[in-house]
Participant: 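For reference, the structure I am asking about is given below.
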Amino acid sequence: MEKESAPYQEREKPVDLVYTDWKWMKYSDYYWEETYSPRPQNRNNEDIDAFGPFLVRTPESIIGFTHPLHTESTSREDSPVIFSFAHSQKTKEAYLEFACKHGHLGSRVPLFSSIDSKNAIWGESFLFWRRQQWLLKNALRLWDWIKFNDVKNLARVINWVERDNYKIVKYQLGSPKEIDIFTSGRNHWSGYQYIIGSSYLMPFWDDEKKEHHILHGEMYIGYQKDCIPGDLKIPAIRLLQEIINTQTAEFRTSIVLYWDEQRNCYTQRLIPSSLLAAMWYQLSQYVSGERQIKQCIICHQWVDVTNVKGKESWTKHRECANWDRVTKLRKLPIVKVMQKQGKSVEQIATDINVEPRHIERWLENEIRKEHK
């Protein structure tokens, strides 16, 4: 007679019911397609994803897989995918490199040529990539301003105004430069927009004809004891919440029940619907504190240290720490001599072939030691 498996509660080791072990499909080769486009009826001024070029894969591409939610190593090659994307260059070359490593974002449209109107290829527009990168980067930027209570930048975003005897919040999110251009009125609006909750993401051009974006709108915050008119943090938190909730609703992550053969029980798995869904889910985890992500002070690469031993004190990769220790030992004495000679940090950096930020950090550490 076959022995029955032990109930879940009697097992020696508890079963972790939630997994994020998710493989995302990618291909070996992508390129930017200029000639194919969506069907004519899909093209209108408000649909910015209807304009090329489009990122598509070559017919000869070899299928592969990536694990965008598994970035718990402190290796320099394992930067969380959301930070890799948000902080990459806004160029076709950079997006192509990202796609070849991680795959498309996951919101492709069928494209047709003027010659063959029946056979479609699937692609994502450059404008779609640029818009999603802008959103992720500025959501991360807003969270940093909230987290570190950056009053100067929060005051650029949040503005309290009076309307019909009520205090409401008007907001505009973007880089400090974009916000300054937007509030100065020195801008030229485009005809298309993208709605995020009650907000509008709109592109505009400055006097030099360079394109920028701004997310703007307004919200009513009822009088409550933890938020009074003039408060910056609560409205900023509400805005960040609206952005993340809108995007995670559009690019969903679902809970899937499946039978685990190895553990002989049902369990759950979190499955993002696309790579973009995985990135917005990662951002939600980062903001909520479920994932702890830090930036190496040497190479500035982002690392998921959630399951790393000593994560509270982690500041740099092991290989970066070795480079820093050896280089500082060899070159700091030279730096001190050159500083006494009156040379600037930039001049010293050029002479010894080390970035200025490392020299400044070494000197600041030396000053701290002297004051102890």
Side-chain angles (χ1 to χ4, degrees), residues 71-91 93-95 97-98 101-102 133-134 136-153 174-178 279 282-283 286-287 291-372:
T71 54
E72 297 166 359
S73 167
T74 56
S75 167
R76 292 178 65 172
E77 299 301 318
D78 292 325
S79 177
V81 67
I82 178 179
F83 288 92
S84 299
F85 181 58
H87 297 295
S88 65
Q89 297 295 315
K90 296 185 291 184
T91 63
E93 293 75 21
Y95 291 161
E97 182 181 349
F98 181 89
K101 185 176 181 180
H102 300 288
Q133 184 194 22
W134 188 95
L136 283 164
K137 184 172 184 175
N138 280 278
L140 284 165
R141 179 183 277 140
L142 179 59
W143 176 233
D144 280 342
W145 293 343
I146 294 169
K147 188 167 51 175
F148 298 111
N149 200 26
D150 189 336
V151 175
K152 180 181 177 181
N153 280 308
S175 69
K177 181 180 179 181
E178 287 170 327
M279 287 193 277
Q282 279 185 329
L283 178 57
Y286 175 55
V287 169
R291 311 301 297 178
Q292 294 191 34
I293 302 174
K294 292 187 174 183
Q295 190 177 32
C296 174
I297 63 172
I298 307 299
C299 69
H300 284 185
Q301 187 129 359
W302 291 91
V303 180
D304 187 339
V305 297
T306 306
N307 296 331
V308 173
K309 188 177 180 180
K311 59 189 175 186
E312 292 79 11
S313 59
W314 191 95
T315 58
K316 47 196 161 189
H317 297 101
R318 182 180 298 174
E319 58 267 41
C320 289
N322 291 337
W323 174 89
D324 188 49
R325 185 179 64 256
V326 173
T327 308
K328 180 180 178 180
L329 187 65
R330 289 174 46 234
K331 298 195 175 184
L332 182 56
I334 303 172
V335 169
K336 289 180 177 179
V337 171
M338 298 177 78
Q339 189 184 38
K340 287 180 180 179
Q341 293 172 350
K343 289 192 175 183
S344 66
V345 171
E346 288 72 22
Q347 290 173 321
I348 298 172
T350 302
D351 291 344
I352 68 172
N353 194 28
V354 174
E355 290 183 46
R357 60 188 178 89
H358 296 310
I359 297 172
E360 290 172 349
R361 182 169 47 81
W362 294 342
L363 293 173
E364 287 173 4
N365 289 339
E366 289 298 302
I367 292 171
R368 288 197 199 100
K369 287 180 183 178
E370 291 173 2
H371 284 76
K372 280 186 178 180

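Just so it is clear, the structure is predicted and the values come from calculations on it, not from any experiment.
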Participant: Identify the two heavy atoms, one from K294 and one from S313, that lie closest to each other, and give their separation to 0.1 Å.
Facilitator: NZ-N, 4.1 Å

Participant: Side chain to side chain donor-acceptor pair (under 3.5 Å) with N153: which residues, sequence neighbours excluded?
Facilitator: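 Applying side chain to side chain donor-acceptor pair (under 3.5 Å) to N153 gives D150, R156.
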
Participant: Who pairs with K147 by side chain to side chain donor-acceptor pair (under 3.5 Å), at least two apart in sequence or on another chain?
Facilitator: Y286

Participant: Counting neighbours of CG on N149 that are heavy atoms of other residues, nucleotides or ligands and sit closer than 6.0 Å, is the number greater than 12?
Facilitator: yes

Participant: Decide yes or no for L283 and M279: does some side-chain heavy atom of the first lie under 4.5 Å from some side-chain heavy atom of the second?
Facilitator: no

Participant: Looking at residues at least two apart in the chain, or sitting in another chain, which of them share a side chain to side chain contact (heavy atoms under 4.5 Å, CB included) with I352?
Facilitator: K331, I334, V335, M338, I348, V354, I359

Participant: Considering only heavy atoms from C-beta outward, does the side chain of R291 approach that of D304 to under 4.5 Å?
Facilitator: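 R291 vs D304: side chains touch.
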
Participant: Under a 4.5 Å cut-off applied to non-hydrogen side-chain atoms, are K137 and F85 in contact?
Facilitator: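 The answer is no, as the side chains (C-beta and beyond) never meet within the 4.5 Å cut-off.
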
Participant: Any side-chain to backbone donor/acceptor pair from E360 onto V345? Under 3.5 Å, distance only.
Facilitator: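 No.
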
Participant: What residues, two or more places apart in sequence or in another chain, satisfy side chain to side chain contact (heavy atoms under 4.5 Å, CB included) together with E97?
Facilitator: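 In terms of side chain to side chain contact (heavy atoms under 4.5 Å, CB included), with neighbours along the sequence ignored, E97 is linked to no residue.
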
Participant: With K336, which residues qualify under side chain to side chain donor-acceptor pair (under 3.5 Å), at least two apart?
Facilitator: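 Partners of K336 under the side chain to side chain donor-acceptor pair (under 3.5 Å) test: E366.
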
Participant: Could you tell me if the side chain of K343 sits less than 4.5 Å from the side chain of D351, heavy atoms only?
Facilitator: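 Result yes, sub-4.5 Å side-chain heavy-atom pair found.
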
Participant: When the ring planes of F83 and H87 are compared, do they come out parallel, tilted or perpendicular, using 30° and 60° as the limits?
Facilitator: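 F83 vs H87 ring planes: parallel.
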
Participant: Would you indicate whether the side-chain heavy atoms of Q282 and I293 approach each other to under 4.5 Å?
Facilitator: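 Heavy-atom side-chain distance check fails, nothing below 4.5 Å.
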
Participant: Is any side-chain heavy atom of L329 less than 4.5 Å from a side-chain heavy atom of R325?
Facilitator: no

Participant: Check whether any side-chain heavy atom of C296 sits under 4.5 Å from a side-chain heavy atom of W314, and report yes or no.
Facilitator: yes

Participant: Quick one: closest heavy-atom pair of S88 and Y95, and the distance?
Facilitator: OG-CE2, 4.2 Å

Participant: Specify the closest pair of heavy atoms between A349 and E355, including all atoms of both residues, with the distance to one decimal.
Facilitator: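 Closest heavy-atom pair between A349 and E355: CB-C, 4.3 Å.
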
Participant: The criterion is side chain to side chain donor-acceptor pair (under 3.5 Å); which residues satisfy it with N138, sequence neighbours excluded?
Facilitator: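 Per chain and number, N138 pairs via side chain to side chain donor-acceptor pair (under 3.5 Å) with R141.
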
Participant: I298 versus E319: any side-chain heavy-atom pair under 4.5 Å?
Facilitator: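 Answer no - side chains too far apart.
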
